[in-house]
Number of protein chains: 2
Amino acid sequence: MKVCFSGGSGHSGSVIAALSRLPQVELSGFCKTYDAEKMNAIRHLNLPEYPSLEVMLDTVHPDILVSDGMFCRHTPDAIAALERGIPVFCEKPVSISEEQYNALANVLRAPNAPLFWAMQTSRYMDCFYTARCLVQEGAIGQIRMMNSQKSYQLGTRPAFFSHRDQYGGTIPWVSIHAIDWMLWICGKRCRRVFSSQSSLENRGNGSLEMTAITLMELEGDILAHVNTDYYRPQGAPSHGDDRLRIVGTTGILEVREDQVYLMNDQEDGRSPLPLRHFPRLLFEDFMHALNGGTDCLITPEDSLYSTYVALKAQEAADLGHPILL
Amino acid sequence: MKVCFSGGSGHSGSVIAALSRLPQVELSGFCKTYDAEKMNAIRHLNLPEYPSLEVMLDTVHPDILVSDGMFCRHTPDAIAALERGIPVFCEKPVSISEEQYNALANVLRAPNAPLFWAMQTSRYMDCFYTARCLVQEGAIGQIRMMNSQKSYQLGTRPAFFSHRDQYGGTIPWVSIHAIDWMLWICGKRCRRVFSSQSSLENRGNGSLEMTAITLMELEGDILAHVNTDYYRPQGAPSHGDDRLRIVGTTGILEVREDQVYLMNDQEDGRSPLPLRHFPRLLFEDFMHALNGGTDCLITPEDSLYSTYVALKAQEAADLGHPILL
């Protein structure tokens, strides 16, 4: 199974992480999506570089394309592969505009469209997987509210983060993780979304939004929010500070510092619970789906849907009013 | 100084808590604001009961009225006292409708209006006071985002909580604490507010909202939110689970479990910081203001403003669109 990369600075690392479990996979080449692209996730592998995506696809004829370039390239690169019948493992957000989204969804609507997944990495983290298992087992009753956080160190970002038309926005790039894990855990659709954001004090990064808050109203009157920022201090013990709190009719569950805490009739919320572990890694699960497996943590529909909601959340922030979905 | 109570089921306890420091204060009577009112905060004192507020005011001629009845009574009871020249120490929200708010603000606009304070109890908690001191000392640079939580046990609530026209809403009753502490700590005005709420799964409590999320845009592009719920499990170690997170340009400060954590160049956020302690209790500070003190933690203007923002947040939830302030 030949795998090629268009870009490789994002979660392409999830492919590398699964390689030892996938002897059938051969990494066959890459192309950059902009000149200065560092290809952080794969540059140590010294793969053959191709001058363009089209040349790579038509020379190598890969079995899988990993679309992980500048964010505005996720959709066109994915479409180029899909139209050649090549399955795509795509960095989120899979699109950065509604126009891109519609074009991609249209291609995927075709009969016998190749497999398409977004790299929703958080679903494979033990803490979020455990949270979902506990919710499904009824540990907190019915979900009534979900509160999430994404907080990142800013560090030094590629220049394209300064340009909305290349970056897409902090809501679709960062908040989408939380939007996805909330939609996934509760299994509901979003009915209305509103957001606010600010690009002030962004240390010279153009239009980059440093803070954003998204408020979602899901089916069944479930409220959900995510607050996102790039202000995590450089001296912090980790790059990110992901948090999730799920308020149910009979208990409250929290994810913080990669641990899960539960307060209900049995648990007092003071000690982290034992973590569950999904047996397959993200890219391993994608390969499993390619082989016809159906017990995966991601579906093509989910891959589109989280991006759709994130794009609407971004649009709501830009327009300044809630959007009905 | 004669103090009378109209109702006494809310934060009237803050008056009782300060009595030992205020030998000049004499508790002189109370009236109920509805028949079944339990007067939790003061019933153990066996004060004289009066058949109505007007009879009490015109018989006792108190020096201070504590307005702490059914929430729809805060404003009319306060106005009855203010119009008689009597200072009012008023439970929040000081009004539960815009009509009430305008009437109260109008009375307070008069020259020589008596002193009027809302019981913004959180300002006197060591944790929030410490947070404010640290922010003012520059511990986190400029504030860019604030994230708050109010989570309460539901328990058994008085019947009037089931009726919006008596209760006013969960945003003005519960979320207002967080709205107030965020406005107070950052010292900015709110420019736009949006909220969502739900009354589902409220255990038979009429229109009582069990969840609410409010998103505020403050001056200077500062984002702020509060998520509120009544689902804290009965077995929890405390009635409430107040939280505050303040994201600044050079650090992040958090309040949780009544402790303060700071992450910046000097602090790693792992251990709680020593708490600062404001020297006067809430009602003691009110008495200090009555005696002309100006170094208080509350002002009459603040007392109105938090309620105003909370009422607009409630209105935004009811109408389903953001409101410009």
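Reminder, nothing fancy here: chain letters follow the sequence lines and each chain counts from 1. Basis for what follows: all heavy atoms, side chains included, without hydrogens, waters or symmetry-related copies.
Using a 4.5 Å cut-off between heavy atoms, B:Gln197 contacts chain A through its backbone alone, with no side-chain atom that close. For A:Gln266, no part lies near chain B; criterion is any non-hydrogen pair under 4.5 Å.
The distance from atom CG of A:Asp265 to atom CD of B:Gln234, rounded to the nearest 0.5 Å, is 10.0 Å. Here the straight-line distance linking atom CD of A:Glu201 with atom OG1 of B:Thr250 works out to 10.0 Å at 0.5 Å rounding. Going from atom OG1 of A:Thr228 over to atom CG of B:Asn147 covers 9.5 Å, rounded to the nearest 0.5 Å.
Chosen from A:Asn227, A:Thr211, A:Ile222, the residue pairing most often with chain B at heavy-atom distances under 4.5 Å is A:Asn227. Most heavy-atom pairs under 4.5 Å with chain A, from the set B:Gly320, B:Ala236, B:Gly235, B:Gly269: that is B:Gly320.
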If you apply the rule salt bridge (charged side-chain N to carboxylate O under 4.0 Å, His left out), what do you find for A:Glu257 with B:Arg270, and how did you get there? CA-CA 12 Å; A:Glu257 295 180 336; B:Arg270 293 271 150 193; 3.4 Å; yes
side-chain contact (heavy atoms from CB on, under 4.5 Å), that's the test. Do B:Arg232 and A:Met263 meet it? Break it down for me. CA-CA 9 Å; B:Arg232 186 157 167 82; A:Met263 189 182 289; 4.0 Å; yes
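Pairing each heavy atom of A:Ser196 with each of B:Leu223, the nearest pair is O-CD1, 3.5 Å. In this structure, A:Ile252 and B:Tyr231 approach most closely via the heavy-atom pair CD1-O, 3.9 Å. For the residue pair B:Gly251 and A:Pro233, the shortest heavy atom distance occurs at CA-CG, 4.2 Å. Considering all non-hydrogen atoms of both residues, B:Ile213 and A:Leu215 come closest at O-CD1, 3.7 Å. Taking both residues in full, the closest heavy atoms of A:Pro322 and B:Pro322 are given as CD-CD, 3.3 Å, listed atom of the first, atom of the second, then distance. A:Ser198 and B:Asp221 get closest at one heavy-atom pair: OG-OD2, 2.8 Å.
Between B:Arg144 and A:Glu209, no side-chain nitrogen of the basic residue sits less than 4.0 Å from a carboxylate oxygen of the acidic one, so the salt-bridge criterion is not met.
Crowding of B:Arg189 atom CZ: a count of heavy atoms from other residues, nucleotides or ligands under 6.0 Å not exceeding 12. Counting non-hydrogen atoms of neighbouring residues, nucleotides and ligands closer than 6.0 angstrom, the CD atom of A:Glu137 exceeds 12 such neighbours.
Using modelled atom types, one finds no donor on one side chain facing an acceptor on the other under 3.5 Å when comparing B:Arg203 with A:Thr249.
Between A:His321 and B:His321, the gap from one ring centroid to the other reaches at least 6.0 Å.
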